[in-house]
Protein chains: 2
Amino acid sequence: MKALHLEKIHPGLSIDCVVFGLHGDTLKVLILKLKKIDKWALPGGFVAATEAVDTEAARMLKDRTGLDHLFLQQFHLFGAVDRNKVSDIRNFVDQQIISAAEGEVLAQRFVTISYYAVVDYAKVQAPTPDYSSEFCEWCPLKELPSLIHDHREIIAKAYQVLKRDLNYQPIGYNLLPDKFTMPELQAVYETILEKKIDRRNFRRKMLSFDILIATDEVRTGGSHKAPILYKFDEQKYQAAMVGGLVSLW
Amino acid sequence: MKALHLEKIHPGLSIDCVVFGLHGDTLKVLILKLKKIDKWALPGGFVAATEAVDTEAARMLKDRTGLDHLFLQQFHLFGAVDRNKVSDIRNFVDQQIISAAEGEVLAQRFVTISYYAVVDYAKVQAPTPDYSSEFCEWCPLKELPSLIHDHREIIAKAYQVLKRDLNYQPIGYNLLPDKFTMPELQAVYETILEKKIDRRNFRRKMLSFDILIATDEVRTGGSHKAPILYKFDEQKYQAAMVGGLVSLW
DNA sequence: ACAAAAGTGTTCCTTTTACACCCATGC
DNA sequence: GCATGGGTGTAAAAGGAACACTTTTGT
């Protein structure tokens with residue numbers, strides 16, 4: 001159980017991560033159940049004085065999910081004056097999750113820089129809680145429990161940005177295993193965008209981007225024709241991420 | 001001349017603003033010439049402990065440009081460990097622009113949250129320098145002088161985001177006077193995207209978004225047919241900003 | 001009258017949309 | 001063999017690209 005080392009952190013700045021995963025046709029986010037308190041929180045933490053902010057975000061994700069090199073996007077700094085609620089901090093101290101001295105520090109004003117990540121649900125075996133939480137859970141985006149501070153707002157913004165980015169960049173990559181079928185990829189889009197897409201048109205358009213490679217394997221098991229397994233063309237995928245898939249002019 | 005009040009600011013956090021303006025067919029950014037030092041800086045400052053970050057960014061823009069209610073978008077937190085160069089700070093102290101005690105504080109690690117703004121060049125009469133700078137100037141994006149810290153990198157990122165956003169949202173609004181002609185609007189796109197667009201196709205597509213209202217006025221003066229003046233339809237413009245102009249599905 | 005540049009229209013071609021049809025797999 | 005869902009094809013409509021023509025303004 002790691003403790004806090006508040007003297008070594010960058011002052012007044014925290015990181016919060018919204019980790020998206022797809023469970024069947026449900027979009028879920030990773031949240032932590034706090035100890036002794038009936039509230040939840042986003043995975044996050046503080047920035048070591050000696051580390052880059054982006055590096056620290058990646059570290060936190062690794063600590064919680066075990067995953068490295070994932071799709072991690074900084075998306076917004078939340079900087080309202082009273083965004084970290086003093087009542088929440090006091091609760092922490094009362095429940096002896098943090099010391100009075102630590103509570104003192106955390107009750108000061110904090111701004112938080114938020115990142116979102118999209119991960120392959122299946123690759124995250126057992127998400128690991130941190131010092132302040134008893135367990136970690138995937139929660140459907142539409143069924144969020146009571147969250148501390150402005151974490152609900154952060155998730156809402158993350159989802160909005162995710163939807164926008166999905167229309168611009170082939171994010172599906174990161175939510176799926178290395179090899180996946182066209183219907184699986186389509187499900188990613190339909191779930192996130194909350195919209196039905198014509199099967200055949202989706203297929204054609206997706207293939208036209210020329211970022212997928214058909215393998216000679218198929219996914220058997222369903223009582224129907226076995227769908228072809230695809231993988232992303234790393235090179236072309238990266239290029240598409242830079243330029244974007246659609247543009248006005 | 002306002003002084004620094006470092007005891008009242010949020011620690012380790014600064015704001016930097018990239019203000020874009022269009023001068024003819026040149027995209028320019030607003031930069032400040034530092035006193036006694038042969039370097040330039042972005043307009044920016046520190047966050048009062050009692051103010052929201054977004055509010056502070058707007059205040060800085062108002063202080064420098066006199067403009068209120070402008071298009072101001074937070075776009076990235078720069079959080080590398082050594083991004084604020086100690087040598088630059090020392091220079092400040094040596095030149096007595098700031099006190100030794102202030103220099104002490106500023107030499108600590110700072111992360112900066114960046115905003116970009118797009119403004120009507122003509123509306124900014126005389127940009128006002130701050131306590132650290134002797135004057136303020138519009139500089140062509142392609143001819144940037146030596147800038148402190150990572151400000152060059154910040155401008156580069158801002159430009160990249162601006163180009164992306166332009167393809168998504170009708171930003172042109174903010175770079176132009178209330179009433180403008182179709183060729184003027186087209187020039188905004190061509191200048192920012194560095195790309196020629198067919199006059200007639202641009203017109204048709206832009207009108208198809210149904211966010212422009214033709215006035216019954218024209219702009220005279222050119223030795224050619226007087227172009228119609230348009231204005232944005234506030235309502236529909238706002239809606240388009242939310243949904244975006246293009247989408248994959 | 002002429003140059004310059006704006007407004008309008010047209011043609012061709014590509015993409016999108018909305019389908020019908022066939023194919024493989026498991027029960 | 002049949003239900004299920006995947007792969008392929010196609011006709012009609014919409015949208016995009018390229019270009020000709022007309023109109024207005026200042027000199």
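To find a chain, count down the sequence lines: A is the first, B the second, and so on, and within it residues start at 1.
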Under 4.0 Å between a Lys/Arg side-chain N and an Asp/Glu carboxylate O for B/E134 and B/K33?
yes

Rounded to whole Å, the CD-C1' distance (A/E184 to D/dG6) equals 12 Å

Taking atom P of C/dG7 as reference, at what distance in whole Å does atom CD of B/Q186 sit?
11 Å

If I take atom NZ in residue A/K196 and atom P in nucleotide C/dT17, what distance separates them, rounded to the nearest angstrom?
17 Å

First of A/K205 and B/Y230 reached from the 5' end of DNA chain C, by closest nucleotide
B/Y230

Would you say A/R203 places a side-chain N or O within less than 4.0 Å of OP1 or OP2 belonging to D/dG6?
no

One should read off an interatomic distance between B/F78 CZ and B/K157 NZ, to the nearest 0.5 angstrom, of 6.5 Å

Kindly indicate whether a cation-pi arrangement holds for A/K196 with B/W249, taking the cut-offs as under 6.0 Å to the six-membered ring centre and within 45° of the axis.
no

Rounded to the nearest 0.5 Å, what separates atom NZ in A/K62 from atom NE2 in A/H69?
7.0 Å

Between the side chains of B/N167 and A/Y168, is a donor N or O closer than 3.5 angstrom to an acceptor N or O?
no

Please report, rounded to the nearest Å, how far the C1' atom of C/dC23 is from the CD1 atom of A/I228.
12 Å

Whole angstroms only, please: what is the CE-P distance between A/M182 and D/dG7?
7 Å

Nearest-Å distance, CZ (A/F202) to P (D/dG7)?
12 Å

Gap between atoms CG and C1', on B/L207 and C/dA6 respectively (whole Å)
13 Å

Base contacts versus sugar-phosphate-only contacts with protein, heavy atoms under 4.0 Å: please encode nucleotides 19-27 of chain D as B, S and - from 5' to 3'.
BB--BBBS-

Would you say the side chains of A/Y115 and A/D54 form a donor-acceptor pair under 3.5 Å?
yes

